[in-house]
**Q** 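Can you read through this structure? Questions will come right after.
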Amino acid sequence: MNDAVTGPSPAPSVGLPEHLVPFGSTGWSVWRSFCARRAGMPYAWLSTDAGAGFAAAHAAALSSLRRACGREAFLEALAWQNPPVAAAARAGVLTRGKRQRYASRTLAAYLARYAAKNDTVGFYGPCGWGAWNAAGTEVGFVTAPDPGASAFLELWAVRAVAEMLIQRHRLWPWVPPRVAPSAALDDGGAYVFDGSRIRLDALPAAVLAACDGVRDVDGVAARCTEHAPAAVRREIRRMQALGLLTRGFRLSQTRHPERQLRGQLERIADPPARAAALADLDRLIAAVQGVSAACGNAGLVLESLDRLDAVFQELTGAPAQRAAGSYYAGRRVAYQDCVDPHRLRLSDTLLDRVAPALELLLTSARWFSVRVAARYLDHAREVMSADGPDRAGGYPLARLLDRMADSFWGGQPSLWGGHARPVDSAVAELRSRWTAILRPAPGANRLEVTAGEIRSRVLREFAAAAPGWPSARWHSPDLMIAASSARDLSAGRFLAIFGELHPTTNSTDQLLFAAAHERPADLRAGIDADVPDRVVPLYPFASGRVNSRTAPPPAYRSPRHTYLGIGAEPPYSPSQARVVPIGALRVHCASGQLTVRSLVDDFEADLVEVLDDYLSTAACGRFELLEPAPHQPRVVIDGVVVNRESWRVPSGEIRPAGDRLVQVYDAVQALRERHELPRLTYCRIPGEVKPLHVDLDNPILVDVLWAKLRRGRARVSDGELVFTEMLPGPDQLWLRDGQSRGYTSEVRLVCVDGQRYRSSRRSPVTGDR
């Protein structure tokens, strides 16, 4: 582990790889390219004139929704996300009474997402890339996104079809088994996924030795010449049930998992079975191609998605949707990602403007990673100590991960086993130190300081020699820019705002971002240059954490990385990469240092190196600048906003006199007056994953807030609403289309620490290959 020192050690900028641009004076750099995100629809589609009183405001909001329902782009977005609502909107169904209220609330919630949030989803949230430019800022007009192939099959859906094909066409004999990634063999035995060891007789030992992932079942039987073929087949099934051998086709996160499946089906030796399976797969592929052909016409998209669902259900007997109401869940059989053809170029002088503030934030993020690592190492020691006396051969890593699993996931602060998660204490200390440095005055709306005024204290309070684990070298801040026009932006008349800072992660290493880049090979080369040695878990698909576009796992599976085998599914690591089975890994404690070693080979790594991705998952959504308070001011460092003004309100404060819309509206207006809330905010609601955009003058968006709040209270009864000012505001949206309509936008940077993780060992984490 890295120990804190008196100050960060600057790294020279000379000799930096081509993909990096240096900034600041302590060795930080940023990727030359950045991800550009924007809302898919102009903010004007959502905004309404503030009405004089409830009736006028409600009429204006309804009129805005009716106009939206006449726009093909809005209807097509609804067709992808909520077909019944899309069909009703196309038919102009805004009935009276409760039905009208429900319909308008649902439509308004979607419109707010499409026009006021930088979600990267389909053509209503296209993804693009830009770059820092020494020649100056270059901004063009927003144009329609490039749909490309437009419709893609979800990985979970292709996996479901693959399993069905095996059963329906009895393909099991032609699906090559391999030793499970979590299992490790030694002389006379095998270590399984939970770390336990089983003895192997002659037959299972021969079968395991013959299962190389290339031979099918008959090929394995032919290899085991001393055993009857029937006995070999029974043994393969037994070891698949035990989790020693994989079952099923090898599929990974990619734009076209159906192509991977087709390639494996084409190798089936039985012609009738092969032809029947390929025919079924072709039906699914034809249906998704029909969706692609329909894009651009909301009605046809609805019809083609219905046909695709019907084909999927007929093939699998399973529902065509899953995880209703969840974010990032891959709920439909197909999804849409679109590339934004707009290529943004930002001047290097803009980077110079934000560098002093950004450098201080990143210095504290490095320190934060060290603190997070320390807290989780302490937690690991507590888990192992509570589990009994020291084990002579070390503590099974699989057992430790099982005991610690819930402490890594969840993102937001919450109770875990009756206690705070280890990351929570690191967050509390981060906020405490920043609050002591900034010293916000009670009741103040603004807090402005210069980087020079606080620099020495930041370097002292957040002193750390190096990142806490290998991939903690990366941090991904979201940069927003407020300017009245592209001309003002180019001329330097703008306000820079840092939104979320995602520490310890390269948040662009996700399939939806990588697929939009003009030169994906450059992204891969940058990742290998930044973090050449890293342990990456092979998360099982059954965990529910793997979908088609987001991380985990990272989009780029480098052959240089080491992969931690933790499941019994066919591995998705590169064939030439090293996979270390978790079943044979043990944690050892010597002189306070926690080290992981293998019982079957020479693998050895610090525990934090093995926990790399888990720690990044725990930390990436938790960077916070100030301690929680009823009111936090806008914090500005050297003219750069690093904390937007926000208000915390107990969720129980909103108590309408009744459930009528006017009563809900009046209750929220009273809350707004008590806390002096601005009209335009983003509100985080207890129990909800993402913040909601709310125009407090719009009765329908207020009703959306109330509906989500009631649902949130069922999950978190005593939570808080957190309102954050909308910045940039509607008059500061410089990114415009040909009709001069503004779009909310942000750029996601990848910042790289000049220091690397310092292992406690001399040998590299990957060992000898």
Side-chain angles (χ1 to χ4, degrees), residues 40-41 68-91 110 114 119-128 142-162 164-165 251 253-263 265-266 277-316 318-322 330-342 511-512 515-516 547-549:
M41 300 177 190
C69 290
R71 296 181 172 111
E72 193 69 19
F74 180 60
L75 295 176
E76 188 173 350
L78 288 176
W80 279 96
Q81 286 205 291
N82 196 324
V85 171
R90 289 188 74 242
Y110 282 118
Y114 303 154
D119 282 342
T120 311
V121 186
F123 69 90
Y124 45 94
C127 175
V142 169
T143 57
D146 176 12
S150 201
F152 304 93
L153 287 167
E154 284 281 2
L155 177 57
W156 71 265
V158 176
R159 285 175 55 82
V161 170
M164 175 279 302
L165 294 176
L251 299 171
Q253 186 193 62
T254 178
R255 269 288 187 246
H256 294 285
E258 73 278 7
R259 295 177 184 174
Q260 294 178 332
L261 178 57
R262 169 178 283 279
L265 290 175
E266 288 175 342
L278 286 171
D280 280 343
L281 178 60
D282 284 343
R283 290 181 59 206
L284 184 73
I285 293 173
V288 77
Q289 289 173 341
V291 178
S292 294
C295 288
N297 184 307
L300 293 179
V301 167
L302 279 171
E303 295 173 6
S304 62
L305 284 173
D306 282 344
R307 285 194 294 271
L308 175 61
D309 288 351
V311 170
F312 176 82
Q313 290 170 335
E314 182 180 341
L315 288 174
T316 65
Q321 287 188 327
R322 66 169 195 169
R331 291 172 293 178
R332 304 291 302 270
V333 171
Y335 67 94
Q336 183 184 46
D337 274 345
C338 292
V339 175
D340 191 346
H342 179 262
L511 185 60
L512 76 165
N547 66 37
S548 290
R549 286 160 286 172

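The chain is numbered in sequence order, starting from 1. What you are looking at is a predicted structure, and each value in this text was computed from that prediction instead of being measured.
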**Q** Check P257 against V158 and note the closest heavy-atom contact, atom names and distance.
**A** CG-CG2, 3.8 Å
**Q** For residues L512 and C127, report the shortest heavy-atom separation together with the two atoms involved.
**A** O-SG, 4.0 Å
**Q** For the backbone of S150 and the side chain of S292, can you confirm whether one donor and one acceptor N or O come within less than 3.5 Å of each other?
**A** no
**Q** Looking at side-chain heavy atoms only, is the closest gap between L511 and D337 below 4.5 Å?
**A** no
**Q** Strictly distance-based, threshold 3.5 Å: is any side-chain N or O of S548 a donor or acceptor partner for the main-chain N or O of L155?
**A** yes
**Q** With side chain to side chain contact (heavy atoms under 4.5 Å, CB included) as the criterion, how do L315 and V311 come out once you've worked through the C-alpha distance, each side chain's angles and the decisive distance to 0.1 Å?
**A** CA-CA 6 Å; L315 288 174; V311 170; 3.9 Å; yes
**Q** Say you draw a straight line from CG of L75 to OH of Y110; how long is it, rounded to the nearest 0.5 Å?
**A** 13.5 Å
**Q** Does the pair Q81 and R331 meet the rule for a side chain to side chain contact (heavy atoms under 4.5 Å, CB included), with working shown?
**A** CA-CA 9 Å; Q81 286 205 291; R331 291 172 293 178; 3.8 Å; yes
**Q** Hey, mind stepping through W80 and R332 against side chain to side chain contact (heavy atoms under 4.5 Å, CB included) and telling me if it holds?
**A** CA-CA 8 Å; W80 279 96; R332 304 291 302 270; 5.6 Å; no
**Q** What are the two closest non-hydrogen atoms of R159 and L251, and how far apart are they?
**A** CG-CD1, 3.7 Å
**Q** Rounded to the nearest 0.5 Å, what separates atom CG in L153 from atom CG in L308?
**A** 6.5 Å
**Q** Go through V291 and Q336 one step at a time and tell me if the side chain to side chain contact (heavy atoms under 4.5 Å, CB included) criterion holds.
**A** CA-CA 10 Å; V291 178; Q336 183 184 46; over 6 Å; no
**Q** If I compare all heavy atoms of G296 with all of E72, which pair ends up nearest, and what's the gap?
**A** O-CG, 3.8 Å
**Q** Restricting to non-hydrogen atoms, name the atom on W156 and the atom on P319 that form the minimum distance, rounded to 0.1 Å.
**A** CH2-O, 4.0 Å
**Q** Can you name the nearest heavy-atom pair linking A157 to F312, along with the distance?
**A** O-CE1, 3.5 Å
**Q** Going from CG on L302 to CZ on R307, what distance comes out if it is rounded to the nearest 0.5 angstrom?
**A** 11.0 Å
**Q** Kindly compute the distance separating CG (L300) from CD (E76), expressed to the nearest 0.5 Å.
**A** 9.5 Å
**Q** To the nearest 0.5 Å, how far apart are CZ in R283 and CD in E314?
**A** 4.0 Å
**Q** Roughly how far apart are D280 CG and M164 CE, rounded to 0.5 Å?
**A** 5.0 Å
